[in-house]
Amino acid sequence: MAGAAAGHADTYPRQPVDVLHYHVDIEFDESFGYDATVRADVRLLAPELREIRFDLEGPTVQGVRDETGPLSWTHDEGRLTVALGAA
């Protein structure tokens, strides 16, 4: 198309992960506060992957776990980073 503006390249950092499903469970209290649990079912596409990053603005994270127990994590500047440990 003549005269069309050039598009911007997608610079979002990609991860070798396929998110299969999210399940969100939210419970509200009388003061409109809430507790939520989010389950993310993911397929790791690279055997050497040691962490997964999620965009997460706002809520306070109280813990992260997998089927074996608690995982190490950080939540800074809208990014939740979860350490996966061993392959």
Side-chain angles (χ1 to χ4, degrees):
M1 292 177 25
H8 295 286
D10 181 4
T11 59
Y12 190 82
R14 302 291 179 204
Q15 302 177 90
V17 173
D18 184 10
V19 177
L20 305 173
H21 180 79
Y22 286 108
H23 176 84
V24 181
D25 182 24
I26 303 175
E27 294 184 29
F28 291 94
D29 61 29
E30 294 91 27
S31 65
F32 296 103
Y34 67 92
D35 284 320
T37 302
V38 177
R39 176 181 169 156
D41 294 325
V42 299
R43 179 181 348 200
L44 305 180
L45 303 176
E48 70 278 359
L49 189 64
R50 295 294 180 257
E51 69 180 21
I52 300 177
R53 296 173 310 276
F54 296 93
D55 291 334
L56 184 63
E57 290 285 344
T60 300
V61 177
Q62 294 179 339
V64 178
R65 60 175 291 125
D66 68 3
E67 66 276 355
T68 65
L71 296 172
S72 297
W73 56 275
T74 60
H75 187 204
D76 295 309
E77 298 182 9
R79 179 75 46 103
L80 174 65
T81 303
V82 179
L84 300 176

If you take all heavy atoms of L49 and L84, which pair is closest and at what distance?
O-CD1, 4.0 Å
Over all heavy atoms of both residues, which pair between I52 and V17 is shortest? Give the atoms and the distance, please.
CG1-CG2, 4.3 Å
State, with a plain yes or no, whether a side-chain heavy atom of D55 is found less than 4.5 Å away from one of R79.
yes
Going from CZ on R65 to CH2 on W73, what distance comes out if it is rounded to the nearest 0.5 angstrom?
14.5 Å
CZ of R53 to OG1 of T74, rounded to nearest 0.5 Å, is 10.5 Å
Taking every heavy atom of L56 against every heavy atom of H75, the minimum-distance pair comes out as O-NE2, 2.8 Å
Rounded to the nearest 0.5 Å, what separation is found between the CZ atom of R14 and the CG atom of L45?
13.0 Å
Counting only heavy atoms not in F28 (residues, nucleotides, ligands), do more than 12 fall under 6.0 Å from its CZ?
yes
Taking side chain to side chain donor-acceptor pair (under 3.5 Å) as the definition, give me every residue that meets it alongside R39, ordered by chain and number, with sequence neighbours left out.
D41
Identify whether V42 and V24 are in the same connected component of the hydrophobic contact network (ILVMFWY, side-chain heavy atoms under 4.5 Å).
yes
Any idea which heavy atoms bring E77 and E57 closest together, and the distance?
O-OE2, 4.2 Å
Approximate separation, where rounding is to 0.5 Å, of L44 CG and Q15 CD
10.0 Å
